[in-house]
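Accompanying notes for the structure given below.
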Amino acid sequence: MSYAPKDIEEKWQTRWAEARVAEVDVSAPGEKFYMLNMFPYPSGDLHVGHGRNYILGDALYRYFRMRGRVALNPMGWDAFGLPAENAAIKRGIHPREWTVNNIARMKLQFARWGILYDWSKELASCEPEYYRWNQWLFLQLYKRGLAYRGKAPVNWCPADQTVLANEQVVDGRCERCGSEVVQRVLEQWFLKITDYADRLDAGLDTLEHWPEKVKLMQRNWIGRSVGADVEFPVPAIGGSIRIFTTRPDTIYGATFMVLAPEHPIVPALIADHPQRAEIEQWIAGVRNQSNLERQEAGKEGRFTGKYAINPFTNEEIPIWLGNFVLMQYGTGAIMAVPGHDQRDFEFAQQYGLDIRVVVMPNVGRASARPDGLKPVLHEAYAAKDDSAIIVNSPLIDGLAPPQAIERIIDEIERRGIGKRMVRYRLRDWLISRQRYWGTPIPMLYCETCGIVPVPEEQLPVRLPLDVPFTGREGNPLAKDERFVNAVCPECGGAARRETDTMDTFVDSSWYYARFISAHDDMKIFDSKLVNRWLPVDQYIGGIEHAILHLLYARFITRTLHDMGLVDFEEPFASLFNQGMIIKEGFRTAAGQWVPLDDVETRDGTPVRKSTGEPLTAEMAKMSKSQFNVVPPDELIARYGADTERVYTLFIAPPEKEAAWSDDGVVGASRFLNRVWGMAPHPALRATLSHDAGEGLGVRALLRKTHQTIDTVTRRIDRFEFNTAISALMELSNAIGDAVAEGLDVRQSYLVLLQLLHPFAPHITEELWEMLGGEGFILTSSWPVADPALMAEDVIVIAVQVNGKLRGQVEVSNPPAEAEVLAAVKENANVQRWVEGKQVVKTIYVPGKLVNVVVR
RNA sequence: GCGAAAGUGGCGGAAUUGGCAGACGCGCUGGACUUAGGAUCCAGUGGCCCAAAGCCGUGGGGGUUCGAGUCCCCCCUUUCGCACCA
């Protein structure tokens, strides 16, 4: 009987679905395991690159189930967002219809991959039963002062009349229409994530099972800096300017001050400047530049004509404006220490400003120090650790920077001119979008009462579905009178509804908790159950979410914690980022991607069939626009889903980028065919017994089997799926050899099926059934390795002396010291025996090298 | 520029604690079966050498060690992240 994946796979997919095997009663007893793939945006068709992500999750889910855990593997849809709206504009399909259709297609695809989700807990963020709680959450945040309306410069696309998220701006242009994005100051809704900056930063230390890389990225994004705020008096305007510095120990070296051109005090400083008009023009120019342009322009500045007093040297220092000082960070003003800061140094060089050395390498004796008072910038002169020493600074001379910093801040605080300060790079989260397809922000603007929240009992604020989509006149919601006109719940007068919708990252910041009570229409979720099931035990998704989604989710979880709704602060105990699948695409010299059916190979080089022009092959992320996607349909039709699953996991370590190879797939296919082909052999039907007198072959196979159980288990635990599968291939090869020798392999074969199940679920279920297994293999238990059976009976040690083989001796396993010593002595006259585990370690006798190696 | 990770056959990649480098798979070579092979099966496959023996081999150069892909120092290359954050 030959292997027909199609029939088998459909059969088992149907059976699993009918038996609702993946449905979990969240209040059932047992040790829980919450497995979660990041819920996808329903963009439609899935390719094998997406498959990697979900197959990985399914394999883990099945593994933990077999290990006896009550495993939950839910799935939902991040269903609001721009592409649905674009489809509506381009093709006249309603965003909802487009989304619902895509969801249906993706569900089918998941089923064909043999992925088991608990669909009873399915959710879609675009449905009122979900986004209602999004709105509720927003109101709670508003009540706590964590949601506020404020002015901010935002990315504005003039053609589409909307704000764009930073990630929707590509090279300064709108990713959708290509128009140049401009900065506009608008009133927007923000969530006060900065209130949680310290907790979000500190919490990273508790995430032991997160990739270091992601934690580092978050840490950099939060950008915690410790230092001090210091006031510098400016007599000319009868006030002072506050700066932030992380190096207060270098304050004696502050020879000038630089303000961001946008700093609010600038107009007062330059009011009587003779070239005021020119400076204002320069400021306007800098304002209009993006950060990138600003940096490319190089360092530029203008002298304001005014001076500040350095509070420690009491010298007058010039106040400059500089394009390299950012208004958004710190106080928008710096004390410039050109002797010890690269940027300040460059600026000082350019404008001929004083440079003073106040830090030197600490080389012990003063006389041995370099003649360091030269105005140069050198690495050692910027050191912040004990390798440096402060000079030219009366109050802190001779101290190392760490002590000097403490000392000088104490003095700053004593004098009342500043204080210790921790600042963050993190900014508040702008969540307003002038977009239709999103959660309406549940707020009202009343002519008499001002900003009024929609009362909770009026939720959800439903997104009207019958609105026209033209795409060129801004948010259709704003023109929908029925939606906009509302009654103020406070005074009963006329009110206007907020027509902005929420950033979809709000939707995804708490969905993992909603799965636990997905259909509760009384509350956001059941806290008791959520506290039982969360944090998520294993979260899987792409590295592209390293900052945004994961940071927002960590933030929102903390707000839920502070509301008393959950008793944990970190939503994801363990995080795994799978790598992308890439594949060769072909492009012309001009960089244009060419469809595969227009590519052929002539004389070993790819050319474009239609024009004959030469093409270059390039590995790229799978994408329709690059014509290099591998759709799973064909692959499954030809080889079956199990083959795709095994190949996808075998191709490379899962965290790495993997190059798809159509040829490589056949390896996985052959492997499964061999596994199938062994099954009907008569040897399988015999009963296995391990009586003495059995052939060595059976013992060896049994040993291999138990070693494989051990190996595969450990490798799955460590996410080493590729080598777990290679170990199964080895076992399969060993069983194949044993079958050829006519040995009874039934027991080993059943173990192989169990170990293989997470990777190739359909074929293993089928074979399990054929061999008379009880129930689903999915619900069978994971085999346990018997250490006694794993060990070799005898080992051969080779005695090497000075690299030369002196003899080989067979000893029992584990080897008795006396036995080995005797053997070694006989061959090499050795005195001492060092025992390893199974492998015999080095024996070293002075003057004589003896290397004992296990054979 | 700063930070992080990684360099192993023709390719993807293996190699607990330093202990037979190249598992497993692809590809390739030869063979079997075939009207046929982009199917299947068998054998071989790091390099030098007809072969054996032997020698050389984990980006380059030093070092530690009886022994280094693995540990230490210097250099080179690639990828990723941040990008004037005071």
Side-chain angles (χ1 to χ4, degrees), chain A residues 2 211-225 227-228 243-248 250 254 257-258 260 291-292 294-299 322-337 340-344 346-347 423-427 543 546-547 579 646-647 650-653 655-671 673-674 677 711 714-715 718 720 722-733 736 740 798 800-803 805 836-855:
Chain A
S2 71
E212 287 304 320
K213 181 181 176 168
V214 173
K215 286 193 275 187
L216 188 68
M217 282 168 73
Q218 292 221 354
R219 199 159 265 136
N220 291 339
W221 187 265
I222 295 166
R224 184 173 194 268
S225 290
I243 60 96
F244 172 65
T245 179
T246 56
R247 294 298 304 271
T250 63
M257 176 181 266
V258 190
N291 268 4
L292 191 74
R294 245 167 120 153
Q295 207 175 143
E296 280 169 356
K299 290 196 174 42
N323 64 348
F324 69 101
V325 177
L326 307 174
M327 193 59 223
Q328 307 94 294
Y329 185 76
T331 60
I334 61 161
M335 66 174 200
V337 185
H340 309 288
D341 182 282
Q342 181 72 36
R343 296 152 302 180
D344 299 348
E346 285 171 23
F347 195 79
R423 289 191 181 270
Y424 299 89
R425 221 181 64 146
L426 188 68
R427 319 252 167 80
I543 186 76
I547 294 172
V646 168
Y647 178 64
F650 179 67
I651 186 170
E655 70 280 6
K656 277 195 66 173
E657 196 172 74
W660 186 268
S661 148
D662 292 328
D663 289 334
V665 178
V666 305
S669 177
R670 283 178 196 150
F671 165 54
N673 267 310
R674 275 199 300 273
T711 304
R714 275 185 296 122
R715 287 181 174 169
R718 290 193 304 222
E720 295 167 359
N722 55 327
T723 52
I725 290 171
S726 75
L728 290 171
M729 288 174 169
E730 284 186 55
L731 178 60
S732 145
N733 290 343
Q800 294 173 18
V801 180
N802 293 333
L805 189 69
K837 288 176 196 168
Q838 189 185 337
V839 173
V840 180
K841 289 279 193 176
T842 301
I843 301 172
Y844 178 64
V845 179
K848 189 176 279 182
L849 161 65
V850 179
N851 205 356
V852 180
V853 181
V854 174
R855 287 279 154 179

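Lettering of chains follows the sequences in order, A, B, ..., and the numbering in each one begins at 1.
The side chain of A/Thr245 approaches B/A86 more closely than any other nucleotide in the set B/A86, B/G13, B/G81. When the nucleotides B/A86, B/C82, B/G81 are ranked by their closest atom to the side chain of A/Arg425, B/C82 comes out on top.
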Under 3.5 Å, side-chain donor or acceptor atoms of residues 724-732 of chain A against the rest of the protein: list the pairs with distances, not counting sequence neighbours.
residue  : atom : partner  : partner atom : Å
A/Ser726 : OG   : A/Thr723 : O            : 2.9
A/Glu730 : OE1  : A/Lys704 : NZ           : 2.9

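Listed by chain and residue number, A/Val214, A/Met217, A/Ile543 satisfy the side chain to side chain contact (heavy atoms under 4.5 Å, CB included) test with A/Ala546 (two or more places apart in sequence, or in another chain). Every residue meeting the side chain to side chain contact (heavy atoms under 4.5 Å, CB included) condition with A/Lys656, not counting sequence neighbours, appears here in chain and number order: A/Pro653. Residues satisfying the side chain to side chain contact (heavy atoms under 4.5 Å, CB included) criterion with A/Arg224, sequence neighbours excluded, are A/Asp201, A/Val226, A/Val422, A/Tyr424.
Regarding contacts with the backbone of B/C80, every side-chain N or O of A/Lys213 stays at 4.0 angstrom or more from both OP1 and OP2.
Put simply, the side chain of A/Asp344 reaches to within 4.5 Å of the side chain of A/Phe324, judged on heavy atoms.
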For RNA chain B, just give me the dot-bracket, please: Watson-Crick or G-U, both distances below 3.5 Å, ( ) intra-strand, [ ] crossing earlier pairs, | paired with another strand, . unpaired.
(((((((..(((......[....)))((((((.......))))))(((.....)))..(((((..]....))))))))))))....
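Distance, A/Leu216 CG to B/C80 P: 17 Å, rounded to whole Å. Counting to the nearest Å, the C1' atom of B/A14 and the CD1 atom of A/Ile651 are 16 Å from each other. Going from atom CZ of A/Arg219 over to atom P of B/A83 covers 17 Å, rounded to whole Å.
Comparing B/G81 with B/U29, their C1' atoms are spaced 45 Å from each other, to the whole Å. Taking the C1' atoms as reference points, B/G10 lies 32 Å from B/G62, given to the whole Å. Here the separation of B/U77 from B/G69, taken at their P atoms, is 24 Å to the nearest Å.
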Report, as a single string ordered 5' to 3', how protein heavy atoms within less than 4.0 Å touch nucleotides 21-28 of chain B: B base, S sugar-phosphate only, - not at all.
--BBSSS-
